[in-house]
Amino acid sequence: MLNAPDSLARGTDAAGFVWTAREPFDRFYDKAAAALVAVRRALAVHQPLRGGEAEFLDLSARVAAADAAAFTLMFTAPPAYAWTVGAFRLTAAALTGRTPEAAPSLARHLEGFKALALGQHWIAGCDLDLAAPLAIELPFAVPGTPWILFGPPAAIAGLAAGRLIIREGRRAHRLAPGADAGPFSLRRAPVAEVDGAEIVLSPYPLAAAELDLRGAAQAVAAGLEYHIEKLELVRQALAMIARHAPATWTQFREVVRVIALQPPGASGYLAASSADAPGAFVTSAVDCPFELANFFIHEFHHTRMFVLEALAPVLAMAPEADAPVHYSPWRDDRRPLRGLLHSLYVHVPVTRYWLAVRAAADAGAAIAGRAADRAARAALQYDPVLETFERHARLSADGRLVWGEIVRAVREVQAAVRSAGLSGDEVSWEGVPLGGRGPTGRPRTVAESVREHALRFGVAGLAGGASAVP
């Protein structure tokens, strides 16, 4: 974890490091930047492409010498991290020369750096002349910006006086932001601006095949107009986070750069993120800002756990860590230990959010009922996961620190649920459609619902009612 335990031992707040501090993100991006530097050095010294890396070396030197603030904005937005990871891996493969396709794969990958350089120069307001144009399939998202290029396949030759230089066969177009030129148009994706945050609503930065981000294709199919239509809904959801989950919001507004939306019916209700696209995620645009905020908090904390895991594995490396054999109270399938780790981690801030929503005087009866269900339900669901970890998990040295803070936070949340007067005896809202006023048919309690789910998977011994909350 880049010596995280040493710094924590010297006085850094462990709980802050695990839950709220910016430090893990800073270390994460420092590590990624160091990987980019290592790639440049390795290519310059060893030249596995026998001169084919010269264009990348020249362009990356120009990027390093250009505006540092613009580089940061580009480098902390998708797809910069995924590109850097790929470059590091492919450079290592090309240097070993174990497979004949390693060098050609690296050469193709280095071409993608031109898009990152374009984003940096766009943000800095500088001209860029590419020695060889970058061939692209459209729509193309300019990295680190809200701008999207639409049109037929083409090549980008650079930037001049704030205009994209696009080559279409023998023709050249100079395309200004917000304008059309020939078959091309350059449009700005909507940007949700709330309390200092500027979050781009666009599927196109997340559509890269290497990200393999679940739901991204459906978000692309929904199109830019769909994202424009949902801008106010997203603003309301972000405002919910700022109001009811301020500890999350302080980080969220600094880290999250891109959100992609898909219609709820596209693949069921969905929220998905990727370790290769930190600060970005896809979610169903559920037409309720309280629920959408829940999805946002959930996926942001997946991102945070991805960052912690990238700095050092929480679970000791073992095949069983990825074996989907364990009961999850949040899923209808068996999960690996890593999946349970993520689920437990993200549900702590989500539960805190629902407790705050329930306590708000203006939430309304339906939202308050749903919030009570969510908070009481989570308090009952934590213990089976904690027991699974006690029995099966092998933690790394750094992982023991992280796990200890997760357990402490879980117990704090369970105590807060109990202090709020929630016991598990509340009426279950499971299966009630969004917008519904309440459960219908024979009422069940939250504890009964949780127990029924566990019994379907052969998990016995879950207590019911108030006794289930420690």
Side-chain angles (χ1 to χ4, degrees), residues 1-2 4-5 8 12-29 31-32 76 78 81-82 85 211-214 241 245 247-252 254-257 259 271-283 294-318 321-322 324 326 328-331 335-353 378 381-382 385-386 388-389 392-410 412-413:
M1 195 178 283
L2 300 182
L8 288 168
T12 299
D13 173 41
F17 188 88
V18 172
W19 291 106
T20 59
R22 175 64 187 262
E23 183 181 358
F25 291 100
D26 291 339
R27 292 187 182 188
F28 175 83
Y29 284 115
K31 188 175 179 180
T76 55
Y81 178 75
V85 169
L211 292 181
D212 191 26
L213 193 53
R214 189 166 53 98
I241 302 174
T248 292
W249 178 247
T250 299
Q251 329 163 46
F252 190 104
E254 294 182 353
V255 172
V256 177
R257 302 292 304 280
I259 296 175
S273 49
S274 167
D276 290 329
F281 51 81
V282 179
T283 182
N294 165 81
F295 281 176
F296 288 177
I297 295 168
H298 182 116
E299 288 310 316
F300 170 76
H301 283 87
H302 274 304
T303 288
R304 188 173 180 97
M305 179 52 70
F306 283 139
V307 165
L308 292 173
E309 289 182 304
L311 296 177
V314 175
L315 292 160
M317 301 304 290
D322 289 320
H326 300 289
S328 170
W330 297 290
R331 295 280 294 258
R335 298 293 290 155
L337 285 173
R338 275 198 181 87
L340 289 181
L341 173 70
H342 271 257
S343 293
L344 189 65
Y345 182 76
V346 304
H347 275 90
V348 167
V350 163
T351 306
R352 286 183 171 135
Y353 163 75
Q381 291 169 320
Y382 292 140
V385 180
L386 294 176
T388 296
F389 263 76
H392 300 287
R394 294 169 53 197
L395 300 170
S396 68
D398 295 333
R400 285 192 290 273
L401 182 150
V402 173
W403 179 248
E405 289 303 322
I406 292 175
V407 173
R408 181 193 59 77
V410 164
E412 284 185 355
V413 168

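Since the model is a prediction, treat every value here as computed from it, not as a measurement.
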At their closest point, which heavy atom of [X] faces which heavy atom of [Y], and how far apart are they?
| X | Y | answer |
| --- | --- | --- |
| Arg304 | Gly16 | NH2-O, 3.4 Å |
| His392 | Leu337 | O-CD1, 3.9 Å |
| Ser396 | Gly399 | OG-N, 2.8 Å |
| Asp276 | Leu211 | O-CD2, 3.6 Å |
| Arg214 | Ala271 | NH2-O, 3.7 Å |
| Arg335 | Ser328 | CG-CB, 3.5 Å |

Would you indicate whether the side-chain heavy atoms of [Y] and [X] approach each other to under 4.5 Å?
| X | Y | answer |
| --- | --- | --- |
| Pro336 | His326 | no |
| Ile406 | Leu341 | yes |
| Trp403 | Leu344 | yes |
| Ser274 | Asp212 | no |
| Phe25 | Thr303 | yes |
| Leu308 | Tyr345 | yes |
| Val346 | Met305 | no |
| His301 | Pro349 | yes |

So Ile241 and Tyr353, side chain to side chain contact (heavy atoms under 4.5 Å, CB included) or not? Walk me through it. CA-CA 8 Å; Ile241 302 174; Tyr353 163 75; 5.5 Å; no
How many angstroms lie between atom [atom1] of [X] and atom [atom2] of [Y], to the nearest 0.5 angstrom?
| X | Y | atom1 | atom2 | answer |
| --- | --- | --- | --- | --- |
| Glu23 | Phe17 | CD | CZ | 5.0 Å |
| Ile259 | Glu299 | CD1 | CD | 10.5 Å |
| Phe252 | Thr250 | CZ | OG1 | 12.0 Å |

Looking at [Y], is its backbone amide N or carbonyl O close enough to the side chain of [X] to form a donor-acceptor pair, meaning the two atoms are under 3.5 Å apart?
| X | Y | result |
| --- | --- | --- |
| Lys31 | Asp26 | no |
| Gln251 | Ala247 | yes |
| Tyr382 | His347 | yes |

Under the side chain to side chain donor-acceptor pair (under 3.5 Å) rule, collect the residues that match up with Glu254, sequence neighbours excluded. Arg22
Determine, stepwise, if the pair Phe295 / Phe281 fulfils side chain to side chain contact (heavy atoms under 4.5 Å, CB included). CA-CA 10 Å; Phe295 281 176; Phe281 51 81; over 6 Å; no
Without hydrogens or angle criteria, can the side chains of Gln381 and Trp330 be said to hold a donor-acceptor pair below 3.5 Å? yes
Under 3.5 Å, is there a donor-acceptor pair linking the side chains of Arg257 and Thr76? yes
Using the rule given for side chain to side chain contact (heavy atoms under 4.5 Å, CB included), can you reason through Leu401 versus Val18, listing the C-alpha separation, both sets of side-chain angles and the distance that settles it, and then say yes or no? CA-CA 9 Å; Leu401 182 150; Val18 172; 4.2 Å; yes
Intermediate values then yes/no, side chain to side chain contact (heavy atoms under 4.5 Å, CB included), Phe306 and His342: CA-CA 9 Å; Phe306 283 139; His342 271 257; 3.5 Å; yes
